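To start, the structure itself, in structure tokens.
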Amino acid sequence: MRDLRDSSDVLRDTRELRDRLAEDGYLFLPGVLDAAEVTAVQAELRTALHGIGWLAEPGKLAVADRGLGFTTESFRTVYPAVLRLESVHRLAFTPVLWALMRRLLGGEIFCHPARVVRLAVPSADPGRYATRAHQDYVVQHVTTDAVTAWIPFTACDPDKQGLRLIPGSQRRGFLPTDPSLGGRRPLYLPVPPEDPAWATADFAPGDLVIFHSLTVHGGGPNTGDELRMSADVRYQLLDEPLRAEFAHPHGWPVTPDWDELAAGWTTDEWYRLDERVRLVPMPEGVDYGTYLAGLTPPPSRLLAPARETG
Ligand SMILES: O=C(O)CCC(=O)C(=O)O
């Protein structure tokens, strides 16, 4: 598999970062976050997952049962235990990340309250993605220039793989999904795990990957016996709209809403949306696949060559 291009050398050069995001569809910034802060969140996640019987011991990542799987039911039974952790959400606002997103997006920004915590369980099958190939636009719909911060909480290696993406794929626009993948919501693309276009890295806590909503990506196989954990956190400009469901926790309404998850937090800042954010509900009564087939992404400012837009 190809290696991701390390952009740490141009971290302070906003124009070059934007050019690389436009050209490659992503930015890989190893060690840019505070590894101690990320590892502290990992420790809280481990304690929570041990508490609900997913991890054998709170101090280790070994799963309690090799037959574990994250299913629709897990949004009710497993997910609240991790989404309830304030530190997971606070991390999305950590100053280094916020300042970087503000520079990249070039204006007033907000962070989507719906934050994904990926719990990639082991599977002996090396051909089984932890997360199948997709573009985030397949759920974002109303804004093209939403960018995702992918934050590994645990180290990744060829046995416990993390994020993978296809450099340059954002230039191909919004791609047709495969109706046979993903059930009622056909979100996924027919890209095999062995496709030579994939690129990845051996990530460590403190690393960060930022990618565009049209960049094809997924999560690689986890064939070890440990859980791989990471977060997907999304940011966009304040004056661009947001699909209304992303104001709620990821997985809502199966996952409980903020009144329950955030009870006892120190602040509502991590999920309260600025009143200027325009929420756009999903049209009712439409078949998801038909809806996607008729969808055209609004023009992207971020993917226009950075030299032209200044
Ligand atoms: O961590 C993963 O498995 C994939 C991440 C992902 O799909 C995303 O950030 O949208």
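Keep in mind the model is a prediction, meaning the values are calculated, not measured. Read the numbers this way: they start at 1 and go in the same order the structure lists the ligands and their atoms.
Here is the list of ligand 1 atoms found below 4.0 Å of a heavy atom in Thr148: 9 (O).
Atom-to-atom distance recorded for Tyr79:OH and Thr72:OG1 is 13.0 Å, nearest 0.5 angstrom.
Neither the backbone nor the side chain of Arg132 comes within contact range of ligand 1; no heavy atom lies under 4.0 Å. Counting heavy atoms closer than 4.0 Å to ligand 1, residue Gln135 contributes nothing at all. Using a 4.0 Å cut-off between heavy atoms, Tyr129 makes no contact with ligand 1 at all.
Relative orientation of the Phe93 and Trp98 rings is parallel, given thresholds of 30° and 60° on the angle between their planes. Using the six-membered ring where Trp is involved, His248 and Trp252 have ring planes that are parallel, under 30° apart on the 30 and 60° scheme.
In this structure, the protein non-hydrogen atom closest to atom 7 (O) of ligand 1 is His134 CE1, 2.9 Å. In terms of protein heavy-atom proximity, atom 8 (C) of ligand 1 is nearest to Asp232 OD2, 3.0 Å. Nearest protein neighbour of atom 2 (C) of ligand 1, counting heavy atoms only, is Thr131 OG1, 3.3 Å.
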Only distances under 3.5 Å count here; give the side-chain donor-acceptor pairs of residues 28-37 to other protein atoms, sequence neighbours excluded, each with its distance to 0.1 Å.
from  : atom 1 : to    : atom 2 : distance (Å)
Asp34 : OD1    : Ala36 : N      : 3.0
Glu37 : OE1    : Thr94 : OG1    : 2.9
Glu37 : OE2    : Thr94 : OG1    : 3.2

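Under the 4.0 angstrom criterion for non-hydrogen atoms, Ala120 is not in contact with ligand 1. Under a 4.0 angstrom heavy-atom cut-off, Arg164 registers as lying outside contact with ligand 1.
Side-chain contact, Asp232 with Thr148: no donor N or O sits under 3.5 Å from an acceptor N or O. Counting only N and O atoms by type, the side chains of Gln236 and His112 include a donor and acceptor under 3.5 Å apart.
The hydrophobic clustering, which links ILVMFWY residues whose side-chain heavy atoms are closer than 4.5 Å, places Leu61 and Val63 together.
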